[in-house]
Engineer: 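The structure's right below; bear with me while I get my questions together.
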Number of protein chains: 2
Amino acid sequence: MALGKDYVTQECSIARALEIVGERWTLLVVRDAIYGVRRYNDFLVHLGIPRAVLSSRLRTLTEEGILEKRRYQETPPRDEYVVTERGAALWPVLRALGHWGREHIDGHRLRVFRHADCGGEVEPYGTCAACGTLVPVADVVMVPGPELDSAPADPVSRALLRPKRLLEPLETGPAHLAD
Amino acid sequence: MALGKDYVTQECSIARALEIVGERWTLLVVRDAIYGVRRYNDFLVHLGIPRAVLSSRLRTLTEEGILEKRRYQETPPRDEYVVTERGAALWPVLRALGHWGREHIDGHRLRVFRHADCGGEVEPYGTCAACGTLVPVADVVMVPGPELDSAPADPVSRALLRPKRLLEPLETGPAHLAD
DNA sequence: CCGGTCGGTTCAGTGATCGAACCTACGGTG
DNA sequence: CACCGTAGGTTCGATCACTGAACCGACCGG
C-alpha cells in the first residue's frame, strides 16, 4: 500500500491511484517498463534500487495488473515483466510529470518524444505538434536529447541512447559485448 | 527528499519531478491546494495526515515554490498556503492520475471537471469536450459526481460538495456554523 | 569442479511515518 | 482575572519501510 489505511478514507480517484502507484520507486519502475525494460537485472542496474524493494514493487505491480510476469525461457527459467494496457495507460501521467520537471525544476531537455508516424514532437498534452493527433503510447519514439550523458555507466542507459519506440522490448545485449 | 540520493543519479525529468512531489502525501497536499484549501487545519482534517508530516510537506512545498506562505491576518497571526503558478502547473499530472484511477482502479465518477466558459466536460487530456480548447486550470469548475458521499464528516469535504472553480479559496465557514 | 549470471530472499541498521501529547499566541466569556 | 476554544505548530516514543550487504538455488560453459 502506498499510504496505508489513511487513503482509503479519501473519496478521490487521485488518492485511489496513489495508493497503487504512489509508493517510492513505483512510478520509476513503470517508466522503465514503458521504456521497454523487462528484466529484473535491467531494472536493478538502471534504477539503482535495492533488490528487496524491486522485488516488492514488481510483485505489487503484477498483482495490480500493471505488469505481467511472463516466462520467456524454460532452462534456465527466466521471467520478464511486461507492461500491460493498464500500465501503459499511466503514460500520460509520466509524460505530464516529465514535462513539469523539465519546465519547472530541471530545465534540461534530456529526452524528446516524437510521433512515429510523422516525426512531429509530442507536446505536453500528448498531441503531435505536426499532425495534431493524440499520439498513443505505442506510437511514441523516444529520442535522446542533446544534454543527455553520451556515455552512461550501465548497459540499460546505454541501450536507451538509441532512438526507441516505447513499449518495445529493450535490447541490452550480452554483458560481454557491452564492455 | 523524495527518494534520496538515488534519484540524483537519474538523468530524467520524471525522476527530478518525483524527488520533489514523489513523497508520501505530497501530491494530495497539492491536489487540495488546487482545490482551494489554504489553511493548515483544513489540510489536516481533510487529509487525515499527521501534523508533523503536514508541517514538513508544507515547508518543503513552500521551499520549492509550489506553495506560497502568506500572512492573511496579524492578530492573531494566521498564515495560509496558496498554490503558485509552479504548483498549478501540476494540474495536468493530477488530472491524468485521477483519470487513470477512475478508469483502471476505481470505476466511480466521484467528481466531474467542467470548462467554466462553456460548461463542457474536461476530457482526459485537458481539452474541453464542447469547445475543444485546452482548458487552463483556473477555468476548470469541479462538480461533485453522483457517487460522492453527500454528507461527509469533515467541513472541508462538505465545502467541496458545492461546485467550485479550481484555485479559488475554499470557504469552510466558521466551525460553529458547520454543525 | 569452478566461476559466472539471473532472480530472487533474509537480515540488521537506519530513516520516515504515525498518533498522541504538548506548547504558544490570541480572542471571547463571565 | 480565570477559563475555554481555535489556529498552527513542535516534540516524542513506537512502529513501519527502506537500505545495503550477504546469502542462496538453478543453470550454463569450460
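Reminder, nothing fancy here: chain letters follow the sequence lines and each chain counts from 1.
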Engineer: Are L166(A) and L27(A) connected in a single hydrophobic cluster, I mean Ile/Leu/Val/Met/Phe/Trp/Tyr linked by side-chain heavy atoms less than 4.5 Å apart?
Structural biologist: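 Yes, L27(A) and L166(A) fall within the same hydrophobic cluster.
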Engineer: Write out all pairs satisfying salt bridge (charged side-chain N to carboxylate O under 4.0 Å, His left out) with one or both partners inside residues 42-53 of chain B, taking only residues at least two apart or from two chains.
Structural biologist: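 Every pair satisfying salt bridge (charged side-chain N to carboxylate O under 4.0 Å, His left out) with a residue in residues 42-53 of chain B: there are none.
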Engineer: How many whole angstroms separate atom CD of E74(A) from atom P of dA26(D)?
Structural biologist: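 After rounding, the reported distance stands at 15 Å.
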Engineer: Among dC6(C), dC18(D), dC26(C), which is the nearest nucleotide to the side chain of E23(A)?
Structural biologist: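 It is dC18(D).
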Engineer: Taking OP1 and OP2 of dT19(D), is either one under 4.0 Å from a side-chain nitrogen or oxygen of W25(A)?
Structural biologist: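 Answer is yes, contact under 4.0 Å.
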Engineer: For the pair made of CD1 in I49(A) and P in dC18(D), what is the distance, rounded to whole Å?
Structural biologist: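 In whole Å, dC18(D) P and I49(A) CD1 are 9 Å from each other.
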Engineer: Can I get a per-line list of side-chain donor-acceptor pairs under 3.5 Å for residues 84-101 of chain B, giving both atom names and the distance, sequence neighbours left out?
Structural biologist:
from	atom 1	to	atom 2	distance (Å)
T84(B)	OG1	G65(B)	O	2.5
T84(B)	OG1	I66(B)	O	3.1
T84(B)	OG1	R86(B)	N	3.3
T84(B)	OG1	G87(B)	N	3.2
R86(B)	NE	H104(A)	O	3.3
R86(B)	NH1	E64(B)	O	2.7
R86(B)	NH2	H104(A)	O	2.9
R95(B)	NH1	P124(B)	O	2.4
W100(B)	NE1	R86(A)	O	2.9

Engineer: N41(A) has a side chain; which of dT19(D), dG27(C), dG7(C) sits nearest to it?
Structural biologist: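 For the N41(A) side chain, the nearest candidate turns out to be dG7(C).
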Engineer: Would you tabulate the pairs of protein nitrogen or oxygen atoms and nucleotide nitrogen or oxygen atoms of nucleotides 9-13 of chain D closer than 3.5 angstrom?
Structural biologist:
from	atom 1	to	atom 2	distance (Å)
dG9(D)	OP1	K69(B)	NZ	3.3
dG9(D)	OP2	Y81(B)	OH	2.9
dG9(D)	N7	R51(B)	NE	2.8
dG9(D)	N7	R51(B)	NH2	2.8
dG9(D)	O6	R51(B)	NE	3.0

Engineer: Hydrophobic side-chain clustering at under 4.5 Å (ILVMFWY, transitive links): who's grouped with V82(A)? Put none if nobody.
Structural biologist: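 None, because no other hydrophobic side chain comes under 4.5 Å of this residue.
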Engineer: List in chain and number order the residues that pass side chain to side chain donor-acceptor pair (under 3.5 Å) with E123(A), two or more places apart in sequence or in another chain; answer none if no residue qualifies.
Structural biologist: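 T127(A).
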Engineer: Return the value, rounded to whole Å, for the distance between atom CZ of R38(A) and atom P of dG7(C).
Structural biologist: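 It works out to 14 Å between those atoms.
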Engineer: How is V53(A) classified with respect to the nucleic acid when contacts are heavy atoms under 4.0 Å: base, sugar-phosphate, or nothing?
Structural biologist: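 V53(A): base contact, heavy atoms under 4.0 Å.
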Engineer: Between dT6(D) atom P and Q73(B) atom CD, what is the distance in whole Å?
Structural biologist: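 For the pair Q73(B) CD and dT6(D) P, the rounded distance is 15 Å.
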Engineer: Could I get the full list of side chain to side chain contact (heavy atoms under 4.5 Å, CB included) partners for Q73(A), not counting sequence neighbours?
Structural biologist: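 Side chain to side chain contact (heavy atoms under 4.5 Å, CB included) check on Q73(A) returns P76(A), R78(A).
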Engineer: Would you say R24(B) places a side-chain N or O within less than 4.0 Å of OP1 or OP2 belonging to dC18(C)?
Structural biologist: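 So the side-chain polar atoms of R24(B) do come within 4.0 Å of the phosphate oxygens OP1 or OP2 of dC18(C), strictly under.
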Engineer: Taking atom C1' of dG7(C) as reference, at what distance in whole Å does atom CG of L44(A) sit?
Structural biologist: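 It works out to 10 Å between those atoms.
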Engineer: With a 4.5 Å heavy-atom cut-off, do H46(B) and L160(B) have their side chains touching?
Structural biologist: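 Yes, at least one pair of side-chain atoms sits under 4.5 Å.
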Engineer: Report, one pair per line, the protein and nucleotides 1-3 of chain C atoms (nitrogen or oxygen only) whose separation is under 3.5 Å.
Structural biologist:
none

Engineer: Could you tell me how far apart R71(B) (CZ) and dA25(C) (P) are, to the nearest whole angstrom?
Structural biologist: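 Atom CZ in R71(B) sits about 13 Å away from atom P in dA25(C).
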Engineer: Measure the distance from CG on L54(A) to C1' on dT19(D) and round it to the nearest whole Å.
Structural biologist: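 Taking CG of L54(A) and C1' of dT19(D), I get 14 Å after rounding.
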Engineer: For residues 137-150 of chain A, which side-chain donor-acceptor pairs fall under 3.5 Å, sequence neighbours excluded?
Structural biologist:
from	atom 1	to	atom 2	distance (Å)
D139(A)	OD1	R165(A)	NH1	3.3
E147(A)	OE1	H108(A)	ND1	2.5
E147(A)	OE2	R109(A)	N	3.4
D149(A)	OD1	A151(A)	N	3.0

Engineer: Once side chain to side chain donor-acceptor pair (under 3.5 Å) is applied, do any residues pair with R39(B), and if so which ones, sequence neighbours excluded?
Structural biologist: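 Here the qualifying residues are Y72(B).
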Engineer: Could you check how far OH of Y72(A) sits from C1' of dT5(C), rounded to whole Å?
Structural biologist: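 The distance from OH of Y72(A) to C1' of dT5(C) comes to 10 Å, rounded to the nearest Å.
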Engineer: Members other than V112(A) in its cluster, when Ile, Leu, Val, Met, Phe, Trp, Tyr link by side-chain heavy atoms under 4.5 Å?
Structural biologist: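 Members other than V112(A) - counting any ILVMFWY side chain reachable under 4.5 Å - there are none.
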Engineer: Going by side-chain heavy atoms closer than 4.5 Å, which hydrophobic residues are tied to L134(B), directly or by a chain of links?
Structural biologist: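 Taking Ile, Leu, Val, Met, Phe, Trp and Tyr as members, L134(B) shares its hydrophobic cluster with Y125(A).
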Engineer: Which angle, to the nearest 10 degrees, lies between the helix axes at the two ends of the helix from dC1(C)-dG30(D) to dG30(C)-dC1(D), each defined by five pairs?
Structural biologist: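 It comes to 0° between the two terminal axes.
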